[in-house]
Visitor: 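Can you read through this structure? Questions will come right after.
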Amino acid sequence: MSVSKRPKLTDEDLVRQTLSGNEDGFAGLVDRYRDKIYNLAYRMLGNREEAEDVAQETFMHTFRALESFRLGERFSPWIYKIASNLCLDRLRKQRQPVSSLDEPIGPDQDIPQQVADWSHAPDQLYEVKEMRADTQDAISTLPPKYKVVVILRHLQDLSYDEIADVLNIPQGTVKTRLFRAREILRRKLARVYEGGMTVKEGVSR
Amino acid sequence: MRCQEVYKWLQAYLDTAVTAEEERIVERHIRACPACRQRLIELARTVNALEEAEDLTPRQDFTVRLRERLKQEKSSENRG
C-alpha cells in the first residue's frame with residue numbers, strides 16, 4: 001500500500017474556506033497569487049509603487065466580490081480580470097493618446113507617441129539587464145489594450161481562450177491584438193538589438 | 001503564396017496555434033523567403049525576451065499590510 005501525500009488544496013478549496021469564514025483560505029489565495037498579480041500590474045504600469053497599490057486593490061476587490069465567484073469556474077482568470085481592469089482604469093486615467101493606434105499597422109505608423117522616460121536609468125548596466133529594460137520599455141510604449149494581451153499571453157502564460165475570458169473579448173480580437181502588439185515590439189526590439197540604440201532613440205527616428 | 005497571406009500564420013506558428021497544413025505552408029514559405037525567415041526569427045526573439053522578463057516581488061510587508069486593511073474593513077462593517 002502506498003502512502004499518499006496530502007493533496008494540495010485547489011483554488012476552489014481556498015475560496016470555499018474563505019467563504020466559510022476561515023481566514024487561512026484567503027491567506028492561501030494571497031500567497032498563491034501575490035507575485036503573479038504584482039508582476040502583471042508592474043508590467044502594465046511600469047512602476048513599482050503603483051503596482052503595489054493595484055495588487056493590494058486587487059485582493060481587496062477579490063475579497064469583497066468573492067461571494068459572486070461561481071464555484072466550479074477557474075479562479076485564475078477571475079482574479080486576472082479584476083487586476084487587468086484595475087490596471088486599465090489607471091492607464092485610462094493617465095489619459096494617454098492612444099486612439100490613433102486602432103488603425104491598421106502601416107509602414108512606420110506603428111509607433112505610439114508616448115514614450116517612457118528612462119532618462120533616470122543608470123548608464124552602466126549589464127547587457128542582460130539592458131535587454132530586460134529595453135523589453136519593459138518597449139512594452140510600456142504599447143497602447144493599453146495591446147499591452148494587456150501581450151502580458152497575459154507571455155508573462156502570465158494564458159491561452160488565447162483564457163485571455164478572451166479575462167478581457168471579455170472574442171478570441172479573434174485577442175489574436176489580432178496580440179499579433180499587432182508583437183509586430184510593434186518586434187520592430188522596436190530589432191532596432192534596439194541591431195542598431196545598439198535605445199527604444200527611445202529608435203522611436204525618435 | 002504571398003508574404004502578407006503567410007504572416008498571420010507566421011504569428012500563430014509562434015504559439016503553436018496552427019493546423020498541420022498551415023504549419024507546412026509556413027515552413028515551406030520561410031525556407032524560400034529570407035525576409036519572412038528574418039521576421040520569424042525576430043518575432044521569436046521578441047517572445048523570448050518577453051518570457052524571460054525578470055519576475056519581481058512586492059515589498060516584504062505586502063501581506064501584512066493587506067491583512068491590516070482587510071481587518072479594518074471587516075471591523076468597520078461590523079460597526080456599521
Side-chain angles (χ1 to χ4, degrees), chain A residues 21 23 26-27 30-31 34-39 41-43 48-49 51-60 62-64 128-129 131-136 138-139 150-151 153-157 159-161 171 175-176 178-194, chain B residues 2-19 22-23 26 29-30 33-78 80:
Chain A
E23 288 187 4
F26 198 66
V30 173
D31 257 5
R34 181 186 46 224
D35 291 2
K36 288 180 180 148
I37 297 297
Y38 176 74
N39 277 285
Y42 175 71
R43 298 297 167 197
R48 298 191 75 141
E49 273 303 308
E52 289 264 347
D53 265 11
V54 165
Q56 290 265 332
E57 280 305 313
T58 300
F59 287 109
M60 295 297 287
T62 302
F63 187 77
R64 290 180 204 128
V128 175
K129 276 204 167 174
M131 227 175 80
R132 282 175 180 159
D134 284 336
T135 309
Q136 176 59 31
I139 295 174
V150 156
I151 291 169
R153 176 76 191 97
H154 293 297
L155 289 119
Q156 307 285 340
D157 207 22
S159 66
Y160 296 163
D161 240 4
Q171 219 196 81
K175 282 197 220 172
T176 308
L178 178 67
F179 294 178
R180 284 188 188 165
R182 288 198 304 219
E183 178 61 19
I184 294 172
L185 294 175
R186 175 188 76 81
R187 294 187 192 190
K188 283 195 175 145
L189 293 174
R191 278 178 236 196
V192 172
Y193 296 155
E194 272 143 40
Chain B
R2 289 168 57 214
C3 301
Q4 239 176 336
E5 290 166 60
V6 174
Y7 186 65
K8 69 169 195 268
W9 292 331
L10 204 65
Q11 281 266 9
Y13 182 83
L14 284 174
D15 297 317
T16 54
V18 283
T19 63
E22 289 161 356
E23 187 175 290
V26 168
H29 183 84
I30 58 175
C33 174
C36 284
R37 193 160 56 234
Q38 178 62 19
R39 220 174 195 189
L40 180 64
I41 291 168
E42 287 174 5
L43 279 171
R45 196 165 57 185
T46 301
V47 166
N48 239 355
L50 290 169
E51 295 187 346
E52 278 176 3
E54 188 179 19
D55 270 345
L56 301 168
T57 45
R59 273 166 35 196
Q60 270 192 336
D61 62 351
F62 184 91
T63 307
V64 176
R65 280 185 294 133
L66 180 64
R67 201 179 300 138
E68 209 45 52
R69 286 181 68 180
L70 285 168
K71 207 186 289 171
Q72 270 175 19
E73 181 159 304
K74 273 189 231 164
S75 70
S76 68
E77 261 171 29
N78 291 342

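Heavy atoms only: backbone and side chains are in, while hydrogens, waters and symmetry mates are out. Note that the structure is a prediction, hence the values are computed from the model and not measured.
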Visitor: Against chain A, label B:Leu14 side chain, backbone, both or neither, depending on which of its atoms sit under 4.5 Å from a heavy atom there.
Guide: side chain
Visitor: Step by step, work out the salt bridge (Lys or Arg N to Asp or Glu O under 4.0 Å) result for A:Glu183 and A:Arg186.
Guide: CA-CA 5 Å; A:Glu183 178 61 19; A:Arg186 175 188 76 81; 2.8 Å; yes
Visitor: Without swapping roles, check the side chain of B:Glu22 against the backbone of B:Trp9 for a donor-acceptor pair under 3.5 Å.
Guide: no
Visitor: Tabulate below the donor-acceptor pairs under 3.5 Å that side-chain atoms of residues 57-67 of chain B make, not counting sequence neighbours, or state none.
Guide:
| from | atom 1 | to | atom 2 | distance (Å) |
| --- | --- | --- | --- | --- |
| B:Asp61 | OD1 | B:Arg65 | NE | 3.2 |
| B:Thr63 | OG1 | A:Arg34 | NH1 | 2.7 |
| B:Arg65 | NH2 | A:Glu52 | OE1 | 2.5 |

Visitor: Which residues pass the ring-ring contact (aromatic ring centres under 6.0 Å, His included) test with A:Tyr160, sequence neighbours left out?
Guide: none
Visitor: Relative to chain B, which segment of A:Gln156 carries a heavy atom at a distance below 4.5 Å: side chain, backbone, both, or neither?
Guide: neither
Visitor: Only pairs of heavy atoms separated by less than 4.5 Å count here; which of A:Lys36, A:Glu23, A:Arg64 has the most with chain B?
Guide: A:Arg64
Visitor: Would B:Asp55 and A:Asp35 count as a side chain to side chain contact (heavy atoms under 4.5 Å, CB included) if you check the C-alpha gap in whole Å, the side-chain angles of each, and the deciding distance to 0.1 Å?
Guide: CA-CA 8 Å; B:Asp55 270 345; A:Asp35 291 2; over 6 Å; no
Visitor: Please classify the contact between A:Leu155 and chain B as side chain, backbone, both or neither, with a heavy-atom cut-off of under 4.5 Å.
Guide: side chain
Visitor: Out of A:Ile139, A:Leu178, A:Asn39, return the one with the most heavy atom pairs under 4.5 angstrom to chain B.
Guide: A:Asn39
Visitor: Is B:Lys71 close to chain A through its backbone or its side chain, or both, or neither, when contacts mean heavy atoms under 4.5 Å?
Guide: neither
